[in-house]
Participant: 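Please read through the structure below; I'll follow up with questions.
Model, not experiment: these values are computed from the prediction.
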Amino acid sequence: MLKPEIEDGQMSLADPAFRADVLAGLERRPRAIPARWFYDRKGSELFEAITDLPEYYPTRTETMILKTMCPELVAHVGRGRAVVEFGSGSSTKTPVLLRCVEPSAYVPIDISGDFLRESSRNLQQAFPDLPIHPLEGDFMHPLALPAMVADMPKLGFFPGSTIGNMTPAMATDLLRAMRGSLGEGAMLLIGMDRAKPADILVPAYDDAQGVTAAFNRNLLDRINRELDGTIPVEAFRHRAVWNDDRSRIEMHLSAERDVDFTIEGRPFAMAAGETIHTENSHKYGLREAKILLRAGGWTPVAHWSDPDDLFSVYLAEAQSARLAP
């Protein structure tokens, strides 16, 4: 049974998966909470602010790639497919793709329901003749798409570098789930950030204005709000470090002093310097990206990069069911 919570004077429900991940993550050593729980409404808004920061290159770089690759993309996928976007957020890059491939329908999928509905309304105003069918859900597992698009050829869209937030094993599982959701004959357009010097990477995840720090600490605010937590948020500092051995940026929340707190009455204690690992962002070279796609049930068809090789966008087609791993 969901536990009722009070927020802004109204009754709300704590997500049982959020509760389970938080409690299990804080009990393990080293402590870690999955990055997907960043994205409540405030977290989603903060992430959109991050994408506009001068240090954060992925969004503007990928948008530029999408604009320039359109003729080649249409040559591969044609026009009129149903576009299914995984983790749509505010759908800022989506109009570029929709104008390019002229889809028959658009299905945005996101775990943040309020943000999903608001962005869908905004997009509907920009594309009044396009059928839009928002779907609230966790795309880490196969989802039943709306019946209206069941028989349409589909183009999955997974922009940004969200695939990098997962371990390679989790990323493979996600790609297989996407393959299951989209079905036979589907194609997938996916963004992946590329490995590059740490002096470019670290500022992108630790900006001078502190927006990424606020985004990271908002996870603690969410725990306090939704799970009756007493975490002293001001006692935690945002840290972003480059792990060269694993080719990934890591984000942590570091306790600046000894802290004691409770979550739904359960006590926790952290020593000064101890961290909660909140995010990984793996960076992929071309070879590694193609290996990952094949392991996830997709055959790479084409890829596009910017002139500085900061970011890449890949197009892949679904392997037939008898060939998929």
Side-chain angles (χ1 to χ4, degrees), residues 44-79 81 83-103 106 108 110 119 122-123 126-127 130 155-165 171 187-209 211-212 215 240 242 247-249 281-290 292-293 298 300-316:
S44 297
E45 291 171 347
L46 284 167
F47 180 74
E48 294 307 316
I50 289 170
T51 64
D52 291 330
L53 294 169
E55 299 97 329
Y56 194 79
Y57 60 86
T59 299
R60 61 177 177 269
T61 304
E62 185 178 27
T63 301
M64 181 271 292
I65 294 171
L66 290 170
K67 289 178 178 178
T68 58
M69 62 184 265
C70 178
E72 294 179 53
L73 177 63
V74 171
H76 285 290
V77 306
R79 290 188 166 90
R81 288 177 178 258
V83 169
V84 179
E85 183 171 1
F86 298 91
S88 56
S90 66
S91 303
T92 53
K93 299 165 197 164
T94 310
V96 178
L97 179 65
L98 298 184
R99 294 187 184 99
C100 176
V101 301
E102 300 175 7
Y106 171 59
D110 203 272
S119 61
N122 293 337
L123 203 60
F127 296 86
L130 176 65
L155 173 64
F157 186 40
F158 196 40
S161 53
T162 307
I163 192 80
N165 295 151
M187 303 192 81
L188 176 67
L189 192 66
I190 181 171
M192 294 191 200
D193 201 6
R194 298 183 63 159
K196 59 189 69 70
D199 60 356
I200 297 175
L201 283 167
V202 172
Y205 294 84
D206 192 10
D207 62 280
Q209 297 179 48
V211 181
T212 312
F215 173 70
W242 171 244
S247 191
R248 72 188 189 193
I249 284 281
S281 186
H282 293 83
K283 311 304 175 184
Y284 288 95
L286 295 178
R287 178 177 177 273
E288 291 78 14
K290 292 177 180 180
L292 179 65
L293 286 166
W298 298 90
V301 172
H303 76 271
W304 299 267
S305 300
D306 60 286
D308 296 321
D309 286 334
L310 296 174
F311 198 94
S312 292
V313 176
Y314 298 84
L315 178 66

Participant: Taking the side chain as C-beta and beyond, is there a heavy-atom pair between V77 and V301 under 4.5 Å?
Facilitator: no
Participant: Measure the acute angle between the ring planes of F215 and F47, then classify it against the limits of 30° and 60° as parallel, tilted or perpendicular.
Facilitator: tilted
Participant: Determine whether a donor-acceptor pair (N or O, by modelled atom type, separation under 3.5 Å) exists between the side chain of D207 and the backbone of Q209.
Facilitator: yes
Participant: Check whether E62 reaches the backbone of F311 with its side chain - one donor and one acceptor, N or O, closer than 3.5 Å.
Facilitator: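 A pair under 3.5 Å: no.
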Participant: Is the closest side-chain heavy-atom distance between L292 and H282 below 4.5 Å?
Facilitator: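 L292 does not reach H282 side chain to side chain.
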Participant: Within this structure, what is the OG1-CG distance for the pair T68 and D306, rounded to the nearest 0.5 Å?
Facilitator: 9.0 Å
Participant: Provide the closest heavy-atom pair for Y57 versus L201 in the form atom of the first, atom of the second, distance.
Facilitator: OH-CD2, 3.2 Å
Participant: Do you know which two heavy atoms are closest between M192 and A289, and how far apart they sit?
Facilitator: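 It is SD-CB, 3.5 Å.
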Participant: For R81 and G156, indicate whether the former's side chain and the latter's backbone hold a donor-acceptor pair under 3.5 Å.
Facilitator: no
Participant: So C100 and L73, do their side chains get closer than 4.5 Å, heavy atoms only?
Facilitator: yes
Participant: What pair of heavy atoms forms the shortest contact from A240 to D206, and how long is it?
Facilitator: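 In this case the closest contact between A240 and D206 is CB-CB, 4.0 Å.
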Participant: Hey, does L286 have a side-chain heavy atom less than 4.5 Å from the side chain of S312?
Facilitator: yes
Participant: For E45, give me all partners under side chain to side chain donor-acceptor pair (under 3.5 Å), at least two apart in sequence or on another chain.
Facilitator: R41
Participant: Look up atom CD1 in I50 and atom OG1 in T59, then write down how far apart they are to the nearest 0.5 Å.
Facilitator: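 It is 9.5 Å, given to the nearest 0.5 Å.
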Participant: Which heavy atom of P103 sits nearest to which heavy atom of V83, and what is that distance?
Facilitator: CB-CG2, 3.8 Å
Participant: State whether the side chain of R248 and the backbone N or O of N165 hold a donor-acceptor pair below 3.5 Å, judged by distance alone.
Facilitator: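 Absent.
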Participant: For the atom pair CD (E48) and OG1 (T51), what is the distance rounded to the nearest 0.5 Å?
Facilitator: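 Rounded to the nearest 0.5 Å, the CD-OG1 separation comes to 5.0 Å.
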Participant: Check whether any side-chain N or O of T61 sits under 3.5 Å from a backbone N or O of P58 as a donor-acceptor pair, and report yes or no.
Facilitator: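 Judged by distance alone, no pair lies under 3.5 Å.
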Participant: Applying ring pair (Phe, Tyr, Trp, His ring centres under 6.0 Å), can you list everything that pairs with Y314, at least two apart in sequence or on another chain?
Facilitator: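 By the ring pair (Phe, Tyr, Trp, His ring centres under 6.0 Å) rule, Y314 matches H303.
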Participant: Flag yes if more than 12 heavy atoms outside R287 fall under 6.0 Å of its CZ atom; otherwise flag no.
Facilitator: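 Not more than 12 within 6.0 Å, no.
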Participant: From H76 NE2 over to L155 CG, what is the distance, rounded to the nearest 0.5 angstrom?
Facilitator: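 Between atom NE2 of H76 and atom CG of L155 there are 12.0 Å.
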Participant: For M69 and L189, which heavy atoms make the closest approach, and how far apart are they?
Facilitator: CE-CD1, 3.7 Å
Participant: Calculate, to the nearest 0.5 Å, the distance between atoms CZ and OG1 belonging to R99 and T94 respectively.
Facilitator: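 One gets 10.5 Å once the value is rounded to the nearest 0.5 Å.
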Participant: Starting from the C-alpha separation in whole Å, work towards a yes-or-no answer on side chain to side chain contact (heavy atoms under 4.5 Å, CB included) for L66 and W304.
Facilitator: CA-CA 9 Å; L66 290 170; W304 299 267; over 6 Å; no
Participant: Kindly compute the distance separating OG1 (T162) from CZ (F86), expressed to the nearest 0.5 Å.
Facilitator: 12.5 Å
Participant: Is P197 close to W242 at the side-chain level, that is, under 4.5 Å between some pair of heavy atoms?
Facilitator: no
Participant: Provide the full list of salt bridge (Lys or Arg N to Asp or Glu O under 4.0 Å) pairs with a residue in residues 187-199, sequence neighbours left out, each pair given once.
Facilitator: D193-K196, D193-K283, R194-D309
Participant: Please name the pair of heavy atoms, one in P203 and one in E55, separated by the smallest distance, quoted to 0.1 Å.
Facilitator: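 Of all heavy-atom pairs spanning P203 and E55, the closest is O-CB, 3.4 Å.
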Participant: Should L98 and F157 count as side-chain neighbours, where that means a heavy-atom distance under 4.5 Å?
Facilitator: no
